[in-house]
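Okay, structure first, notes after.
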Amino acid sequence: IECAWNRDDTELDIEVRVPANTTATVYLPISESMTLTEDGTPLDRVDGVTKVQYLDGEVAVEIGSGHYRFQRLQPD
């Protein structure tokens, strides 16, 4: 499993690669006012995302094998 990230004042990008026949749970820091997408697509419409669970101050995203680019955006 590989992970890389980049952050600036308004955005956090996290790239995750999960090898074949493997699943992973990715924990991402987020507040209610932020938007979280995978390469610009809402998480509930992304192939490979099997579960999204909002916790206190973060979200747990269960994903299957593949390449994902999560983006967390601050509100304007």
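If you read the sequence from its start, that first residue is 1, and numbering goes on from there. These numbers come from a predicted model, not from an experiment.
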For residues 14-31, run the donor-acceptor check on the side chains, cut-off 3.5 Å, and write out each pair with its distance to 0.1 Å, sequence neighbours left out.
{"residue": "Glu15", "atom": "OE1", "partner": "His67", "partner atom": "NE2", "Å": "2.8"}
{"residue": "Thr22", "atom": "OG1", "partner": "Pro19", "partner atom": "O", "Å": "3.4"}
{"residue": "Thr22", "atom": "OG1", "partner": "Ala20", "partner atom": "O", "Å": "3.1"}
{"residue": "Ser31", "atom": "OG", "partner": "Ser33", "partner atom": "OG", "Å": "3.3"}

Atom CG of Leu43 and atom CZ of Phe70: how far apart are they, to the nearest 0.5 Å? 6.5 Å
Of all residues at least two apart in sequence or in a different chain, which pass the side-chain contact (heavy atoms from CB on, under 4.5 Å) check with Asn6? none
Pairs involving residues 35-51, ordered by first then second residue, that meet side-chain hydrogen bond (donor to acceptor under 3.5 Å, both in side chains) (sequence neighbours left out): Thr37-Gln71
So how far is it from Glu11 CD to Leu73 CG, rounded to the nearest 0.5 Å? 5.0 Å
